Amino acid sequence: MYDYLIVGAGLFGSVFAREAADKGKKVLVIDKRPHIAGNVYTKEMEGINVHEYGAHIFHTNNREVWDYVNKFIEFNRFTNSPVANYKGELFSLPFNMYTFNKMWGVVTPQEAEAKIEEQKKAAGITEPKNLEEQAISLVGTDIYEKLIKGYTEKQWGRPCNELPAFIIKRLPVRYTFDNNYFNALYQGIPMGGYTKMVENMLEGIEVRTGVDYFENKEELDAQADKIIYTGPIDAYYDFKLGTLEYRSVRFETEVLDTPNFQGNAAVNYTDAETPWTRIIEHKFFEFGDQPKTVISREFSSEWKPGDEPYYPVNDEKNGKLYEEYKKLADAEEKVVFGGRLGEYKYYDMDKVIESALNAATKELG
Ligand code: FAD
Ligand code: UDP
C-alpha cells in the first residue's frame, strides 16, 4: 500500500514525490512515457543534452524556488539571447539598442525613442487593442513588420490583429545594450541536463515508466490512499464535458557533422515564408565543444485530439470549460490535480515548482 500514487513524472509530480518521501510517506510515481522528467526531458545525443520537447531555460525571481532546484544540481551561467533572422538579416533580441541600431542606424537611446515615437504616431495608435497595435506602439512599424508579424502569425496560426495584446508584453523592450531575454533575477541550465536534475529529485523513490494510469486505473487506485494527478484534467473525466484545446509543436531534429551550425542556442526565423519558427542548437545551452552538433527545427501547429498537448489555449471558451472540470476536481476527496495539464495553465518551470511545493505543504503540512 502506498500513501501517494503520483501520475506523471514531470516537474510537478517529481517535486511532490520528493517532498512526500522526505516526510516519510510511501510513494509510487508512474508515467506513460518511457522516461521521467515530463516536458523538461533531455536526451543525450553525440554527448549533447537535447531538449526533446523544446528549449527550456530556467529563470525565476523566486529565491526559494532557485535554492530548491540548486539542491539537486548545479546550474550554469547560461543567459538566453536569441537572435532573429529576417530573410538573412540578423537582429538582437529582445528589442534593445543593438536591435534599434541595426534596424535604423540610431546610436543613442534618445534617437531610438524618437524613431519609435515617429512610427507610432504615423500609425495613429493611441490605445492598442490587439497584438499588432500593441507591438507597433512599443517598437514601431519596422520592427513589427520584420521581427514580430511573421513569427507571431506562424506561432499562433492567427493574424496579429486578432491576437490579445498581452502576448507581446512578455518580451522586454530596453533602451540599453542588454540582450538578456528575461528580466529574472536567476537564470541558468542544469549542468548535465534536466533529466539528471529530475533523476536526483526522485532518488530512492519507486518510479515506473511506460505505465498509463487509465489502462490500470482500478488496480493502481486500490494501492494508494491518495492520488496526485498531473495529466490532462479532461482526460481524467474521459472528456465527458468536452475537450480542452491546446496549441501543438513539432520538432525535426538532426545531427550535423560540424561543430557549429548557427553560433547560438536559438535563432528565430521571423519572416512568414520560412515554415519553422526557430532553430535550436542544443550544445550552446551548456557551452558544448563537441565535434558534432544537434539542431531542432520547431514547427507550430493547431492541436487536434491525440496530438501531444503543449500550450493550453487560455481563451474564454476553454477557460469556461476548465472551470466546469475544476468543479468536479474540487469535489474529489482522494485526488489532487496539479501541473500544466492538471490545472490547464501555461506555467513556466518555476511556477510549476512553486505550485507543487504549495500543494505539498497543504497536503503534508
Ligand atoms: P509535464 O512535464 O507535462 O508532466 C506531466 C506528465 O504526466 C507527463 O510526463 C505525461 O507523460 C504524464 N502523464 C499524462 N497523462 C498520464 C497518464 N494517463 N498516465 C501516466 N502518465 C501520464 N518553462 C520555463 O520555465 N522555461 C522555458 O524556457 C520553457 N520552455 C518551454 C517550451 C515549450 C515548447 C513548452 C511546451 C513549455 C516550456 N516551458 C518552459 C514550460 C515547462 O515545460 C512546464 O512548466 C513544465 O514542464 C510542466 O511540468 P508538469 O509536471 O506540470 O507537466
Ligand atoms: N515574438 C516575436 N518575435 C520573436 C520572438 C517572440 O514576435 O522573435 C512574440 C511572439 O508573439 C511570441 C511572444 O513574442 O508569442 C512572446 O515570446 P516568448 O518567447 O515569450 O514566447 P514563448 O515561446 O515562450 O511562448
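Just follow the structure's listing: the first ligand is 1, and inside any ligand the first atom is 1. Because the structure is predicted, anything quoted here is derived from the model rather than measured.
Each of the atoms 19 (N), 20 (C) of ligand 1 lies under 4.0 Å from some heavy atom of Val211. The contact set between ligand 1 and Gly8, taken as ligand atoms under 4.0 Å from a residue heavy atom, comprises 6 (C), 7 (O), 12 (C). Distances below 4.0 Å separate heavy atoms of Gly339 from the following atoms of ligand 1: 52 (O). With ligand atoms numbered from 1 in the order given, ligand 1 contributes 31 (C), 37 (C), 38 (C), 39 (N) to contacts under 4.0 Å with heavy atoms of Tyr346. Every atom of ligand 1 with a heavy atom of Val40 under 4.0 Å away is listed here by number and element: 47 (O). Contact atoms of ligand 1 toward Phe214: 18 (N) (distance under 4.0 Å to a heavy atom of the residue). If you number the atoms of ligand 1 from 1 as listed, the ones under 4.0 Å from a heavy atom of Val7 come out as 17 (C), 19 (N), 20 (C), 21 (N). Listed by number with element, the atoms of ligand 1 under 4.0 angstrom from any heavy atom of Phe12 are 51 (O).
The nearest heavy-atom contact from the protein to atom 44 (C) of ligand 1 is Tyr347 O, 3.6 Å. The protein heavy-atom contact nearest to atom 31 (C) of ligand 1 is His56 NE2, 3.4 Å. Among all non-hydrogen protein atoms, the one lying nearest atom 46 (C) of ligand 1 is Val352 CG2, 4.3 Å. Nearest non-hydrogen protein atom to atom 36 (C) of ligand 1 is Tyr310 CD2, 3.2 Å.
Taking only nitrogen or oxygen atoms, main chain and side chain alike, Arg340 reaches within less than 3.5 Å of ligand 1. No N or O atom of Tyr53 sits closer than 3.5 Å to an N or O atom of ligand 1. Residue-to-ligand polar distances place Leu11 within reach of ligand 1: an N/O pair is separated by less than 3.5 Å. Any N or O atom pair closer than 3.5 Å counts here, and Asn39 shares at least one such pair with ligand 1.
Salt bridge status for Glu206 with Lys26: absent, with no side-chain N to carboxylate O gap under 4.0 Å. A salt bridge is defined here as a Lys NZ or Arg NE, NH1 or NH2 lying under 4.0 Å from an Asp or Glu carboxylate O, and Arg250 with Glu252 meets this definition. Salt bridge annotation for Glu162-Arg158: absent, with no cationic side-chain nitrogen under 4.0 angstrom from a carboxylate oxygen. Arg63 has a carboxylate O that lies under 4.0 Å from a charged side-chain N of Asp67, or vice versa, which qualifies the two as a salt bridge. We find that Glu323 and Lys320 are not joined by a salt bridge, their nearest charged nitrogen and carboxylate oxygen being 4.0 Å or further apart. Note on Asp348 versus Lys351: no salt bridge recorded, every NZ/NE/NH1/NH2 to OD/OE distance being 4.0 Å or above.
Residues Tyr237 and Leu220 fall within the same hydrophobic cluster, defined by Ile, Leu, Val, Met, Phe, Trp and Tyr side chains chained together at heavy-atom separations under 4.5 Å. One hydrophobic cluster holds both Ile228 and Val352 under the rule that ILVMFWY side chains link at heavy-atom gaps under 4.5 Å. If you chain together hydrophobic residues whose side chains sit under 4.5 Å apart, Trp104 and Leu90 never meet in one group.
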Exercise. Apply the test side chain to side chain donor-acceptor pair (under 3.5 Å) to residues Tyr229 and Glu332: give CA-CA distance (whole Å), side-chain angles for both, the deciding distance (0.1 Å), then the verdict.
Key: CA-CA 12 Å; Tyr229 175 81; Glu332 300 282 349; over 6 Å; no

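The side-chain hydrogen bond (donor to acceptor under 3.5 Å, both in side chains) search around Tyr98 returns none, not counting sequence neighbours.
With atom 26 (N) of ligand 1 as the reference point, the heavy atom nearest to it among Ile353, Ile57, Val29, Thr230 is part of Ile57. Taking only non-hydrogen atoms, the option from Gly13, Gly38, Ala55, Gly54 nearest to atom 30 (N) of ligand 1 is Ala55.
Checked by atom type, the side-chain pair Asp142/Gln119 shows a donor-acceptor distance below 3.5 Å.
Proximity of Asp212 to ligand 1, defined as any heavy-atom pair under 4.0 Å, is shared by backbone and side chain alike. When non-hydrogen atoms are compared, ligand 1 lies under 4.0 Å from the side chain of Tyr311 (C-beta onward) but not from its backbone.
Figure legend: Arg33 and Tyr53 shown as a cation-pi pair, the cationic atom lying under 6.0 angstrom from the six-membered ring centre and within 45 degrees of its axis.
The residues lining ligand 2, counting any heavy atom closer than 4.0 Å, are Leu93, Leu147, Ile148, Tyr151, Thr152, Gln155, Trp156, Ile167, Ile168, Arg170, Leu171, Tyr181, Asn268, Thr270, Arg278, Tyr311.
The number of heavy-atom neighbours closer than 6.0 Å to CG of Asp289, taken from other residues, nucleotides and ligands shown, is 12 or below. Atom NZ of Lys362 is surrounded by 12 or fewer heavy atoms from other residues, nucleotides or ligands within 6.0 Å.
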